[in-house]
Amino acid sequence: MSGDHAHGNPQVHSGAKGSDAHKHKDKHKEHRHKDHKKDKERDKLKHSNSEHKDPSEKKHLDKEKLKHSNGSSDKHREKHKEKRREEKIKSPPLEKPKKEKENGYVRERSPAAVKSEPEDDSGFHASPKQDKASKREHGADGSEHKSKKVKAEHEKKAKKRKHEDEEDEDDEDDEDIKPKNKTKDKKATDGKKAKKEEEEKWKWWEEERATDGSKWRFLEHKGPVFAPPYEAMPDKVKFYYDGKPMKLNAPAEEVATFFAKMLDHEYTTKDIFRKNFFKDWKKEMTSEEKSKLTDLNKCNFSEMSEYFKAQSEARKQMSKGEKQKNREENERLLQEYGFCIMDNHKERIGNFRIEPPGLFRGRGDHPKMGMLKRRIRPEDIIINCSKDSKHPKPPPGTKWKELRHDNKVTWLASWTENIQGSIKYIMLNPSSRIKGEKDWQKYETARRLKKCVDRLRTQYRDDWKSKEMRIRQRAVALYFIDKLALRAGNEKEEGETADTVGCCSLRVEHIKLYPKMDDQEYVVEFDFLGKDSIRYYNKIPVEKRVFKNLQLFLENKQPDDDLFDRLNTSILNKHLQELMDGLTAKVFRTYNASITLQQQLKELACPDDSLPAKVLSYNRANRAVAILCNHQRAPPKTFEKSMQNLQTKIDEKQNQLSAARKQLKAAKAEHKASHDDKSKKTVEVKRKAVQRIEEQLMKLQVQATDREENKQIALGTSKLNYLDPRISVAWCKKWAVPIEKIYNKTQREKFAWAIDMTEEDYEF
DNA sequence: CTTATCACTTAGAATCTGATAT
DNA sequence: ATATCAGATTCTAAGTGATAAG
């Protein structure tokens with residue numbers, strides 16, 4: 001816990017790896033070849049990887065700028081192992097990574113971090129303090145929530161009103177009164193009430209939670225908003241096949257426009273994408289069209305593409321009035337369809353618009369990219385609402401697929417998507433009670449893990465010595481999940497998705513063992529594509545026992561065999577469940593992320609820092625977590641430019657500063673000579689000016705640093721999903737940093753519960 | 001067990017918007 | 001007034017994990 005891992009540094013690297021680790025995939029073998037060559041060329045650009053580690057664990061993170069570019073190594077994927085195997089054989093050994101495409105896809109960039117290991121190997125020890133934490137928070141424990149919250153609430157109520165400044169002028173009125181159960185029938189009234197209370201902000205966290213597994217007692221909404229119908233292309237916008245204009249029937253034309261809209265995207269250059277698109281497009285063609293259009297390469301969509309560009313340009317040029325009109329229409333739609341009434345409160349819906357048809361954009365090397373995502377009709381939609389609510393009505397002339405009243409689930413509507421056959425849902429916004437309670441609960445579970453993590457660590461270390469292979473594998477996997485914050489790694493269906501892995505699904509080809517590397521022993525190198533095909537690349541020294549176990553797991557296996565052949569997420573989670581109620585693999589990520597933030601904030605704190613410096617420290621702490629969790633982003637396209645702009649500003653400011661200093665000096669000289677009051681005043685004025693400019697300069701420099709360090713790291717994901725907001729709120733209170741510096745409006749809405757209830761001494 | 005289904009969280013990219021620079 | 005840009009918002013894919021079905 002707390003002490004222990006200070007997570008250390010990350011090493012970031014990216015890189016290339018030359019390993020043969022990834023082999024090529026295959027699936028589309030046809031293309032493969034070419035790809036190879038390309039890849040090779042790209043290789044040249046390769047990437048350097050820099051790695052670095054920083055000895056001092058503490059601060060570390062910051063500096064790392066991960067630069068890497070990394071390559072993609074080849075694709076990995078293969079569908080079946082067998083296939084994989086075959087390929088492998090053929091493929092040249094070392095292929096390297098290449099680069100990637102810019103755009104898109106390849107996503108693989110990769111830093112990755114490790115929590116630093118405790119120094120000794122006894123490792124994880126507990127820090128003394130942890131215990132205290134537990135006391136306060138309401139929900140803290142396990143079964144937490146329910147009961148305890150309740151009580152807590154009362155007291156808080158009392159205090160609550162104070163803070164929230166702005167809005168709250170009163171929240172009282174109804175809300176307190178309504179205990180939920182009663183009312184359900186009065187919906188009508190509720191409706192209105194809901195309105196106002198929304199302004200007042202309902203503090204759901206001060207109410208009791210249901211214990212019977214039901215998610216709500218009353219639910220009313222208007223149903224989803226469908227995608228606008230297809231509007232045919234004007235006649236003058238032509239599609240050409242083999243140089244000749246050709247009019248397509250509406251369905252085929254619509255699909256063609258989907259492709260035309262993506263013409264500038266790298267997707268459309270990919271063979272798989274083109275092949276999938278063409279196949280699905282043909283399904284919309286008449287038989288004549290089908291027989292005529294046999295080669296996608298002869299299709300010319302450029303007029304269509306230009307037309308759309310012109311349209312969007314026109315949209316930008318619209319007059320203010322028109323824009324305003326649009327805005328109002330949007331607002332109207334939002335007001336009508338963007339909210340629902342759940343248990344007496346008006347709540348915002350997260351996604352009330354049905355996904356429009358288009359071409360599927362899978363991430364990474366997705367076998368289904370380019371397939372047609374079909375238009376969703378009312379007949380595809382299942383509506384979920386209260387029996388006694390006013391049911392949403394389907395558009396005239398249509399019917400819903402089904403109307404049900406299931407309060408054991410939180411969704412308002414659902415449909416089955418045609419690419420993977422999975423179900424999509426319409427659910428509430430993160431600021432809603434239903435999402436917020438769950439989020440709160442997630443952090444409480446992570447805090448319970450904090451209390452017993454030492455015990456678990458001791459146990460898995462012990463299990464490294466087990467006679468049973470399955471136990472050893474489980475223990476080593478858990479160590480990775482704990483130390484590296486890896487995802488669980490469920491199995492995926494081959495050929496249905498990009499080839500990505502998590503801990504339990506790691507294959508032999510994803511790790512390399514180095515008994516010695518530089519001055520370190522027992523180094524494991526990880527290189528694989530994780531969620532969203534983001535590359536995870538990391539080299540970390542592990543304990544000898546872990547290393548020996550890994551060697552054992554690798555014996556007699558092929559590169560595409562599973563590293564942990566006796567383990568899967570279900571076995572692992574079952575085990576975790578026995579160790580602690582509610583414990584699953586993902587709880588470790590939440591726990592490690594939050595505890596890391598808390599530690600980093602403590603380490604980076606500096607009471608006399610200016611406000612911007614404090615915010616920078618916060619961002620650095622946040623960054624440490626993002627590195628740990630491997631949250632990467634493509635460097636913004638405008639990154640270089642924007643850095644340059646900032647630098648320009650800094651230079652200017654610097655000039656300004658020296659000018660101001662010069663003036664100050666002159667003023668001083670003047671004063672010295674004359675000693676009159678007026679000159680004295682001038683000195684003061686100039687001194688102030690210098691000071692102000694210095695501050696401004698400092699602020700700019702801090703901003704530049706922050707931005708540079710953030711080049712390819714995404715802070716948002718961890719802030720939104722992994723960091724207990726109470727840690728941040730407490731930190732803001734402690735250092736008098738306005739919460740707006742840390743959370744924007746949306747974030748403040750999502751974390752309203754934490755902002756309201758957290759005191760400055762909160763301990764995760 | 002193994003597989004499938006379902007619900008829900010987590011994720012980065014795309015797009016939008018509004019503030020700021022020109 | 002217009003263009004630029006950065007941050008906010010939207011979008012929807014891709015995970016996790018519980019549970020049901022075979």
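To find a chain, count down the sequence lines: A is the first, B the second, and so on, and within it residues start at 1. Values below: all heavy atoms of this structure, side chains included; hydrogens, waters and symmetry mates excluded.
The side chain of A/Ser642 places an N or O atom within less than 4.0 Å of a non-bridging phosphate oxygen (OP1 or OP2) of C/dA6. For C/dA6, the OP1/OP2 oxygens have no side-chain nitrogen or oxygen of A/Lys641 closer than 4.0 Å. The side chain of A/Arg566 contributes no N or O atom lying less than 4.0 Å from OP1 or OP2 of B/dC1.
When heavy atoms are screened at a 4.0 angstrom cut-off, A/Arg315 is found touching no nucleic acid atom at all. Within 4.0 Å (heavy atoms only), A/Thr410 reaches sugar-phosphate atoms of the nucleic acid but no base atom. Residue-level contact check: A/Pro356 touches the backbone only, with heavy atoms under 4.0 Å from sugar-phosphate atoms and none from bases. Nucleic acid contact for A/Tyr722: sugar-phosphate only, since backbone atoms but no base atoms lie under 4.0 Å from a heavy atom of the residue.
A/Phe352 has its CZ atom 7 Å from the P atom of C/dC11, to the nearest Å. Atom P of nucleotide B/dT9 and atom CG of A/Leu720 are separated by 12 Å, given to the nearest angstrom. In this structure, A/Met369 atom CE and C/dT12 atom C1' are separated by 16 Å, rounded to whole Å. Between the P atom of B/dA21 and the CD atom of A/Gln644 lies a distance of 17 Å, rounded to the nearest Å. B/dA7 atom P lies 8 Å from atom CE of A/Met427, rounded to whole Å. As rounded to whole Å, 16 Å separates atom C1' of C/dA6 from atom CD of A/Glu708. Distance CG (A/Leu572) to P (B/dC1): 15 Å, rounded to an integer number of Å. In this structure, A/Glu496 places its CD atom 14 Å from P of B/dT3, rounding to the nearest Å.
Closest-nucleotide positions on DNA chain B for A/Tyr425 and A/His631 were compared, and the one nearer the 5' end corresponds to A/Tyr425. In terms of position on DNA chain B, the residue among A/Arg404 and A/Lys750 whose nearest nucleotide sits closer to the 5' end is A/Arg404. Each of A/Arg353 and A/Met643 lies near DNA chain C, and the nucleotide nearest A/Met643 is the one positioned closer to the 5' end.
Taking 4.5 Å as the limit, every side-chain heavy atom of A/Glu355 sits out of range of all side-chain heavy atoms of A/Ile376. Inter-residue side-chain proximity for A/Phe639 and A/Gln712 is flagged as unmet; no heavy-atom pair is nearer than 4.5 Å.
Residue A/Ala634 has its side chain nearest to B/dA13 when only C/dC5, C/dT10, B/dA13 are considered. Comparing atom distances between the A/Ala714 side chain and each of B/dC8, B/dG12, B/dT10 picks out B/dG12 as nearest.
For the 3.5 Å distance criterion, the side chains of A/Gln473 and A/Asp565 qualify, holding a donor opposite an acceptor.
For the pair A/Lys261 and A/Phe308, the cation-pi test (distance below 6.0 Å, angle within 45°) is passed.
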Open item on the list: Base contacts versus sugar-phosphate-only contacts with protein, heavy atoms under 4.0 Å: please encode nucleotides 13-22 of chain C as B, S and - from 5' to 3'.
Closed with: SBSBBS----
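Using a 4.0 Å cut-off between charged side-chain N and carboxylate O, A/Asp406 and A/Lys215 make no salt bridge.
A/Trp204 and A/Trp440 have tilted rings, their planes meeting at an angle from 30° to 60° on a 0 to 90° scale. Note on ring orientation: taking the six-membered ring where Trp is involved, the planes of A/Phe751 and A/Tyr743 are tilted (angle from 30° to 60°).
Taking the ring pair (Phe, Tyr, Trp, His ring centres under 6.0 Å) definition, one finds that A/Tyr443 meets it with nothing, sequence neighbours left out.
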